[in-house]
2 protein chains.
Amino acid sequence: MTETATTGRALPHPEREQIRLESVLHALSDPMRLQIVRELAAKEAELSCSQFELPVTKSTTTHHFRVLRESGVIRQVYRGTAKMNGLRRDDLEGLFPGLLDSLLAAADRQAGRLGDEG
Amino acid sequence: MTETATTGRALPHPEREQIRLESVLHALSDPMRLQIVRELAAKEAELSCSQFELPVTKSTTTHHFRVLRESGVIRQVYRGTAKMNGLRRDDLEGLFPGLLDSLLAAADRQAGRLGDEG
DNA sequence: ATCGTAGTTTGACATCTCTCGTAGTACGAG
DNA sequence: CTCGTACTACGAGAGATGTCAAACTACGAT
């Protein structure tokens, strides 16, 4: 098989109803994680962990992706040796309509504001 | 004078431009502080610290209000012996349009969701 | 079977966070 | 000046967090 099929190893995700606003906010309150989510939203696609160029080691990266998954912000799935990450847009929209977009817009604004004069 | 005028003791607040999204999210990711902000938004008025009935001691309350102030979420002013707290709606709206309302709506939704079946 | 790539696990460490209790300060009222 | 109320400061403790390095596992390719 040369196909990259979803492999074994299941990962624990909270159900939609179990997602807590506080946990989502906490997950997004870290610059590294906010950056991850921004890229994920911009690309509108599933990305593997290694496609993010973060200024931290691999183990720290693993840690941040886990926080995002356990808070319900992203969904992770193994495909071959890669671990694909996708935003849980539908679940978040269902729970907190408009919130994700507001947050992403706020992050964009801030990035523009801080980036323009740097 | 029996008037309750704003008194000396100045409190350090971040300027509007200094407010960081990450800090705001971090401030709101604590249940106690999210509760405070919800009440503040509901009452649409300045409230003194002592009007909040929080299940923690006074010193912990002081701590939470300070986190909210230093992150730019609330503005605090002394009036006599009381310390009045107000949401920085204009500043937040100017920086991150729609964000505060989305957050408050999300918090309301979650409170309704969790409260209905408790 | 071997190798390389992708990601995990473990343990460590410094820092931060939430909490408390006790003692202290600022102010208004009398 | 003294008292009560409102809030602060300090010190402490339990636990969470972000980070790293080193050793490990899972998978695809050869």
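Throughout, a chain's letter reflects where its sequence line sits, starting with A, and its residues are numbered from 1.
With sequence neighbours excluded, no residue forms a side-chain hydrogen bond (donor to acceptor under 3.5 Å, both in side chains) with A:H26. Residues that satisfy the salt bridge (charged side-chain N to carboxylate O under 4.0 Å, His left out) test with A:E17, not counting sequence neighbours, are absent from this structure. In this view, B:R38 and B:D108 satisfy the salt bridge (charged side-chain N to carboxylate O under 4.0 Å, His left out) rule, not counting sequence neighbours. Remark: B:T57 pairs with B:S59, B:T60 by the side-chain contact (heavy atoms from CB on, under 4.5 Å) rule, at least two apart or across chains. Legend: residues meeting side-chain contact (heavy atoms from CB on, under 4.5 Å) with A:S48, ordered by chain and number and at least two apart, are A:S50, A:Q51, A:A82, A:M84. Remark: B:P97 engages A:R109, B:E93 in a side-chain contact (heavy atoms from CB on, under 4.5 Å) (not counting sequence neighbours).
A donor-acceptor pair is defined here as one N or O able to donate and one able to accept, closer than 3.5 Å; no such pair exists between the side chain of A:R33 and the backbone of A:L28. Looking only at distances, a side-chain donor or acceptor of A:Q18 sits under 3.5 Å from a matching main-chain atom of A:E15.
Remark: P of D:dA9 and CZ of B:R66 are 7 Å apart, rounded to the nearest angstrom. To the nearest angstrom, P of D:dT5 lies 19 Å from CE of B:M84. Atom CG of A:L11 is separated from atom P of C:dG7 by 12 Å (rounded to the nearest Å). In this structure, OH of A:Y78 is placed 16 Å from C1' of D:dG28, rounded to the nearest angstrom. Distance, B:L47 CG to D:dA6 P: 14 Å, rounded to whole Å.
Legend: salt bridge (charged side-chain N to carboxylate O under 4.0 Å, His left out) pairs involving residues 42-68 of chain B, not counting sequence neighbours, sorted by first then second residue: B:E46-B:R79. For residues 39-68 of chain B, the pairs satisfying ring pair (Phe, Tyr, Trp, His ring centres under 6.0 Å) are B:F52-B:F65, with sequence neighbours left out.
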Report all side-chain donor-acceptor pairs from residues 85-92 of chain B shorter than 3.5 Å, counting only partners two or more places apart or in another chain.
unit_1	atom_1	unit_2	atom_2	d
B:N85	OD1	B:Q76	NE2	2.6
B:N85	ND2	B:L47	O	2.9
B:N85	ND2	B:K83	O	3.3
B:R88	NE	B:D91	OD2	3.0
B:R88	NH1	B:P14	O	2.9
B:R88	NH2	B:P14	O	3.1
B:R88	NH2	B:D91	OD2	3.0
B:D91	OD1	B:R16	NE	2.8
B:D91	OD1	B:R16	NH2	3.3
B:D91	OD2	B:R75	NH2	3.3

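Applying a 4.0 Å cut-off to non-hydrogen atoms, none of the residues of residues 69-76 of chain B approaches DNA chain C. The stretch residues 34-43 of chain A has no heavy atom under 4.0 angstrom from DNA chain D at all.
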Checklist entry - Reading nucleotides 16-23 of chain C 5' to 3', which nucleotides get B (base under 4.0 Å from a protein heavy atom), which S (sugar-phosphate only), which -? => result -SSBBB--

